[in-house]
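Both counts, for ligands and for their atoms, begin at 1 and track the order of listing.
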Amino acid sequence: MAADNKAAGAGRTETWTIGKILKWTEQYFQKAGLDSPRLDAEVLLSHVLKKERIFLYVHFEQPMEAAELAAYRECIKKRVQRQPVAYITGHKEFMGLDFKVTEATLIPRPDTEILVEAVLQRLKPGCTDSLIADIGTGTGAICLSLLKYLPQLRAVTVDVSQAALAVAEENAAALGLSDRLELLQGDLLQPLRSGTQRFNAIVSNPPYIPRAEIAGLEEDVRSFEPMGALDGGEDGLDFYRRLLAEGAELLAPEGFLALEAGIHQAQQLKSMAAELPQWGKCEIIRDLAGIERVAVLWKV
Ligand code: SAM
Ligand code: GLN
């Protein structure tokens, strides 16, 4: 790619238009082995141009300015080094909402929308004083989308990472939800135990990758996302053990614990809950790929 907006051809100079730079970048990303070369090229270019993706399609012939080309080139470099697109743009869409992300936060995954939907369906929309806890908040994706879609709901959220909490706090403010959210720093349920509040639901997408599998994760995840958001201990179940042991006493009557799970873990959660007298019915919900993704445990 030329530094200015002219590519030297055979005796002529060519202008880098939006359409042409996208085609070039798509091919470059493809050769670099990226999974979604076209999408990545488009998302990064719309970020540089500060436009929606649809803008690109109706401005294919628009020439790029030199400063835009230079900024785009920086993005391309980061992406071929496997930096995730969301860390480059600083944003990720989740449940139709825009979330700021930084390298202190896990990038919200589409799978986690299954967890949010499961909770939305089970909390009573008209209930005026429902209170939930979201454990391991990251960007705040889970609790903030629940607050957005249930206007009566209030939430308390916990993370061990102060840097992640700062991002969640910014996201709460940007979405106009700060007044219904309390953010607490600490270890899992510990910050909630001193209070007297009881929750209608406790929701969590805890770290759940078995430690031995971390080395085999895709480089985008392994090298860039926070290890403290991924490492679930030797068998991946460390956080679930604690949430199952300590969660029920913090739930209101008829409350439930809703957990995202990794592959094959939902049945393990069901078996673990069956051993504990405080848990009754267990529901398991599949994601769009058919994987058992969410376990909902009801307090007895
Ligand atoms: N809820 C976000 C989402 O679904 O996108 C982030 C989930 S991420 C898999 C797990 C989060 O749990 C991280 O933000 C991490 O910092 C936090 N975490 C890890 N250990 C924790 C602990 N002992 N207590 C509280 N939070 C913890
Ligand atoms: N779904 C994430 C991944 O596979 C893991 C998130 C988690 O540990 N909760 O990259």
Quiz item: Taking both backbone and side-chain atoms of Pro206, is any N or O found less than 3.5 Å from an N or O belonging to ligand 2?
Solution: yes

Quiz item: Out of curiosity, is Gly262 lining ligand 2, as in a heavy atom under 4.0 Å away?
Solution: no

Quiz item: Closest non-hydrogen protein atom to atom 1 (N) of ligand 2, residue and atom name please, with distance?
Solution: Tyr208 OH, 3.1 Å

Self-check item: Lys299 atom NZ: more than 12 heavy-atom contacts under 6.0 Å
Solution: yes

Quiz item: Hey, what do you get for CD1 (Ile132) to CG (Leu153), rounding to the nearest 0.5 Å?
Solution: 5.0 Å

Quiz item: Hey, what do you get for CZ (Phe224) to CD (Gln81), rounding to the nearest 0.5 Å?
Solution: 7.0 Å

Practice problem: Please check if the side chain of Ser204 supplies one atom and the backbone of Ile135 the other of a donor-acceptor pair under 3.5 Å. | Solution: yes

Self-check item: Ligand-side contact atoms (ligand 2) for residue partner Pro207, heavy atom cut-off under 4.0 Å
Solution: 8 (O)

Self-check item: Ligand-residue contact atoms, ligand 2 with Ala229, heavy atoms, under 4.0 Å
Solution: 7 (C), 8 (O)

Exercise. Could you tell me whether Arg79 and Asp220 have a side-chain N and a carboxylate O separated by less than 4.0 Å?
Key: yes

Quiz prompt | Numbered atoms and elements of ligand 2 in range of Leu230, under 4.0 angstrom, heavy atoms | solution = 5 (C), 8 (O)

Quiz prompt | Single hit among Asp159, Leu184, Val158 for side chain to side chain contact (heavy atoms under 4.5 Å, CB included) with Thr137 | solution = Asp159

Practice problem: May I ask you to say whether Glu74 pairs ionically with Lys78, meaning some side-chain N is under 4.0 Å from a carboxylate O? | Solution: no

Quiz item: Any sub-3.5 Å donor-acceptor pair from Arg211's side-chain atoms to Gly236's backbone N or O?
Solution: no

Quiz item: Please walk me through it: do Glu225 and Arg109 pass salt bridge (charged side-chain N to carboxylate O under 4.0 Å, His left out)?
Solution: CA-CA 12 Å; Glu225 298 208 66; Arg109 307 288 204 265; 2.8 Å; yes

Quiz prompt | Protein contact of atom 10 (O) of ligand 2 - nearest heavy atom, named by residue and atom, plus distance | solution = Arg109 NH2, 2.8 Å

Practice problem: Considering heavy atoms of the protein only, find what lies nearest to atom 4 (O) of ligand 2 and give residue, atom and distance to 0.1 Å. | Solution: Ile209 CD1, 3.8 Å

Exercise. Show your working on side chain to side chain contact (heavy atoms under 4.5 Å, CB included) between Glu218 and Arg82 and close with a plain yes or no.
Key: CA-CA 9 Å; Glu218 279 188 45; Arg82 291 297 192 278; over 6 Å; no

For ligand 1, output the ligand-protein N/O contacts shorter than 3.5 angstrom; if there are none, return none.
unit_1: ligand 1; atom_1: 1 (N); unit_2: Gly136; atom_2: O; d: 2.8
unit_1: ligand 1; atom_1: 1 (N); unit_2: Thr137; atom_2: O; d: 3.3
unit_1: ligand 1; atom_1: 4 (O); unit_2: Asn205; atom_2: ND2; d: 2.9
unit_1: ligand 1; atom_1: 14 (O); unit_2: Gly138; atom_2: N; d: 3.4
unit_1: ligand 1; atom_1: 14 (O); unit_2: Asp159; atom_2: OD2; d: 2.7
unit_1: ligand 1; atom_1: 16 (O); unit_2: Asp159; atom_2: OD1; d: 2.7
unit_1: ligand 1; atom_1: 23 (N); unit_2: Asp187; atom_2: OD1; d: 2.7
unit_1: ligand 1; atom_1: 24 (N); unit_2: Gly186; atom_2: O; d: 3.4
unit_1: ligand 1; atom_1: 24 (N); unit_2: Leu188; atom_2: N; d: 2.8
unit_1: ligand 1; atom_1: 26 (N); unit_2: Val160; atom_2: N; d: 3.2

